[in-house]
Every structure is written in structure tokens, then in C-alpha cells.
Amino acid sequence: MIETTKIKSGHHSSIGAYVFDVRSKKVGLGFAPTLIALIVASVIFVTKYYFESDLIILSLIIISFLFVLTRNITIIQFCLVFLPFNTSTAAFGNSVMLYCLLFSLLYTILKYGVFSISKVHLDFSFWLMLFLVLISVKNIVVYTSFRDLTFMISIIMIGIIIKNNIRYNTLVNEFIPYGIVIIAFGILQLFTGNGVGIRYAGNALKTQLSGTYEPNYYSLYLNTFLAVILFSKASMKFFFKAFLIIISSLLVLLVRSNTGILTLLSIYTIKILSDFSNKDQTKLIKLLSVLVFGMIGLLVVPDIGISIINNSRLVQTILGFLNTGDVNTFTTGRAGIWSQYFQSFNQQSLIDKLFGSSLTIFRDKYGIIAYTHNFWVDVLVETGIIGFVFYFVSLVIIYYRYFKNKRKELSQFFGLAILLIFILYSLTLSLYSERTTWTMAILLLYQSRRKTSHNMMHV
């Protein structure tokens, strides 16, 4: 694990000031985070497919939180291991993530004081959050819809928790339990057959892994974790890192998501380009060795290997588009859905165009059955033109600050990979209420605010 050394003199002598020495030890993973990750994956798997129980889920949250209180896992690890289940597993009718955030917020207040909540940066991200809260209140008053306010409060809580608890050079440690959860859940599905469906790939039916929530979102979770592992500059044991890279990549392929596979290829392309640009031949050779080893593994395991190699859905989609020139073919029908939303949006009153309306009310009013499958359409409908501009400018500022501030652990190429992940998935998925993308944006935001001249963080 990353070693911390307490400073006892100088102007950094305040209680709780630590220096993080990333050169002393390789990044490891303690027994407790691994155990919690495996327990969470197993218990939620059982409750999802065999024995549904809200009390078991709530007990799981409490037991996991006890590990935080005994300092065996961090509060961010606690939040992240439940993050992939925020829309698929409920406890007493609400998202399981809300309970995790309430526990985490209470922990943060008790540890850092009530004023830790009020420490805000009056930048564009703050005004975006304020605007979205006002939009949520408007939806309550006009449409009696509480969904938006509940969600936005959860995002604000995530921001407070990350701001007060994130440590310098620990992002990999925070995310490894998250990766173990999503990998373990996928492996359980493969072994039991639960959550494994059928879909057309080319002209044949192929098995498809659904993951923790829904196939496309599951590939988003996997690709996000893969980017963290590939681009972190923190030192890791080679075989452990290789295992995480190979298994997460294979699971993305088994999901059979066109967006997931395109994103996977893009991440590897950026990684290879980053190693070339940094003239880091050792890392490049290691990465290529991992990829070759993974391909050999596909041949050794015929059932999985043949299934993945025969996956021609993406190729058939591209060929279909080239033959017909129909955008709907390439977007698997999504372009027609977007067009329907845009046409209905233009029929709204001026005030609804500017400030948006409830997405549920919007669909009912104009008789739209299909979901948007597009983040930007969601934002336009939910928050209007003003909210759309707020979102776009805020994202630009977050990534601009990140790229401007050079990190020691997280390379500039990591920011590029995360940005690319968001761009690709935002065009095909409704990410407006997806906490994983919000969490990554908040993490990048607070990483970009750290000073590069001091490798320390006052607690």
C-alpha cells in the first residue's frame, strides 16, 4: 500500500498532515477491501437471482460500513463497491446507493465537522449544481416528480464525500475493490448462467452478459475501471495488473456492446500512443505481452474463445451502414428515436425549451415509448437549453483544468481516456442519472484542484 509519513515540524505541522511516498512500496490490496468486494458481489448476486430481501441488502451495507469504522477500508471504497448496483438493486423501494451515501455523509461530518459540508468552490460546477437543484424543485412544483431532486441530492453528497476523503495518489487503491466487485459479479453470471441472455451477433444468436445492471452500462463500468488500471502511474505487481486487464477486457467482449467494444479498442489505442509518446518501451512491451497472453488464453479456452472471436455484431453493423447508408442501421435504430425527441422538443413552449420539463411527463405528453439512449437528449429535455449549455461548459472546464494540471499518478492520457469514454457512451446511453459518470467527473474535478508542487494533503 502507499506509505504515509507524518510531518512533525515546519509549516505543515498541523495535526493530520501527511506526505505520501509513492516510491517506497508497490500498490497492493489489503485483505479487508478484497473480502468486502467479494462479499458484496456474492450477496447482491444471491438477492438478485435467488432470494430477494431488502433486509439482507441493508445488513450488507451496515456490515461493510463497520469495516470503514475499523479503518480496514476507506469510505470511498465503501461507496464505490456499491456504485455499480445503484440502479438495479433496491432497499425499501430506494436505490441502495442512497443508504451508502447517508452513512458516508454522517461519517464525513463526524470526522471533519459539520463545516466540511459548507466548504464549496463558487465555480461553474457549483452553479451547475445549484441550477439542477432549482430544476428539480421546479419539477416537484409543476409535475409533482421527486425523482430529480433525490438524484441531485445524492450527487451533491458524492461530491462532499469525495472532496473531504480523497487522498493524494490513492485513486487506484480506491478503485480496485470496485473492479473486483464488477468482475466477480460477471464471473458469477458466467458460471451460473444467471444474467446471461441471447442476442443477434451478425446472422447468429450469441450469448450476452448482462452484468450488474444492463449490458451497455456494465461495459461502461468495466471500461472505466480498465482506464484507471491502465493509466495510473502508481506501481503495481505485474501479474496482478495483467489479470485485472485481461479479465475486464474479456468481460467487455462478452457483453457484446458495440459502444463497449469501440471504447475498449479506443482505450488500448490511447494507451499504446501514450507509451510511444513517453518513449516508455518497457510499459509498451508489458502491455503487448498482456494482450498476447490474453489472445492465447482465448485459444486455450475454446468455449469462451470461439464465442468472442465469432462476435461479428460490430462488424455487421458497420457493413450494414456502408451498404445502406442508413444512419439508423449504424445506430441500431437510435437515430430515429433522437429525431422523434427533437421534433417533440420543438413543439414545446418557450419556457419549457429554456428550462426543460420532466422526462416522464414529456414522453407521456408526446406519446414517445422508447428511452432517449442519449445523454445530451436527456439533458436538453430535462434542463432545457440553459441547462444544456451549463452542462457542456462545466464539462469543458473540468477537463481543461485536469489537462492543465499535470498529475504524478494520473497521466494526461488518463483524462483523455475518461473523456473519450464519456463521449462515446453519452451518444448511446442515458447517462443523466448514471452515478458512475458523475463520480468520475467529480474525482477529476478534485484531482485537478490539487497543487502539483506539494505531494501532501491536509486531513
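FYI, the numbering just counts along the sequence from 1.
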Asker: For Ile156, give me all partners under side chain to side chain contact (heavy atoms under 4.5 Å, CB included), at least two apart in sequence or on another chain.
Answerer: Met129, Val133, Ile160
Asker: Are the side chains of Asp378 and Leu431 in contact, using a 4.5 Å heavy-atom criterion?
Answerer: no
Asker: Which residues pass the ring pair (Phe, Tyr, Trp, His ring centres under 6.0 Å) test with Phe362, sequence neighbours left out?
Answerer: Tyr341, Tyr366
Asker: Who pairs with Thr437 by side chain to side chain donor-acceptor pair (under 3.5 Å), at least two apart in sequence or on another chain?
Answerer: none
Asker: Compute whether any side-chain donor of one residue and acceptor of the other, for Asn165 and Tyr107, lie under 3.5 angstrom apart.
Answerer: no
Asker: Run through Tyr213, Tyr217, Tyr221 and flag the one making a side-chain hydrogen bond (donor to acceptor under 3.5 Å, both in side chains) with Glu434.
Answerer: Tyr221
Asker: Please name all residues satisfying side chain to side chain donor-acceptor pair (under 3.5 Å) with Thr74, sequence neighbours left out, ordered by chain then number.
Answerer: Glu174
Asker: Name all residues meeting the side chain to side chain contact (heavy atoms under 4.5 Å, CB included) criterion together with Tyr50; count only those two or more places apart in sequence or in a different chain, and write none if there are none.
Answerer: Phe45, Val46, Thr192, Asn194
Asker: Taking only residues two or more places apart in sequence or in another chain, which ones pass ring pair (Phe, Tyr, Trp, His ring centres under 6.0 Å) with Phe345?
Answerer: none
Asker: Examine the side chains of Tyr425 and Ser219 and answer whether a donor and an acceptor come within less than 3.5 Å of each other.
Answerer: yes
Asker: With sequence neighbours left out, write down each residue that passes ring pair (Phe, Tyr, Trp, His ring centres under 6.0 Å) with Phe375, or none if nothing qualifies.
Answerer: Tyr391, Phe422
Asker: Pairing donors with acceptors under 3.5 angstrom, does anything connect the side chains of Ser357 and Asp352?
Answerer: no
Asker: Suppose we screen for side chain to side chain contact (heavy atoms under 4.5 Å, CB included). Which residues come up paired with Leu110, at least two apart in sequence or across chains?
Answerer: Leu106
Asker: Does Tyr178 have any ring pair (Phe, Tyr, Trp, His ring centres under 6.0 Å) partners at least two apart in sequence or in another chain, and if so, which?
Answerer: Phe175
Asker: Got a sec, which residues hit side chain to side chain donor-acceptor pair (under 3.5 Å) with Glu52, two or more places apart in sequence or on another chain?
Answerer: none
Asker: Is a donor from one side chain sitting under 3.5 angstrom from an acceptor on the other, for Thr70 and Asn72?
Answerer: yes
Asker: Under the rule for side chain to side chain contact (heavy atoms under 4.5 Å, CB included), what residues qualify as partners of Leu66, not counting sequence neighbours?
Answerer: Leu69
Asker: Less than 4.5 Å apart, any side-chain heavy atom of Ile337 and any of Thr372?
Answerer: no
Asker: Take a 6.0 Å sphere around OH of Tyr371 and say whether it holds more than 12 heavy atoms from other residues, nucleotides or ligands.
Answerer: no
Asker: For the pair Phe78 and Phe82, name the ring-plane relationship: parallel under 30°, tilted 30 to 60°, perpendicular over 60°.
Answerer: perpendicular
Asker: Could you pull out all residues at least two apart from Ser266 that satisfy side chain to side chain donor-acceptor pair (under 3.5 Å)?
Answerer: none
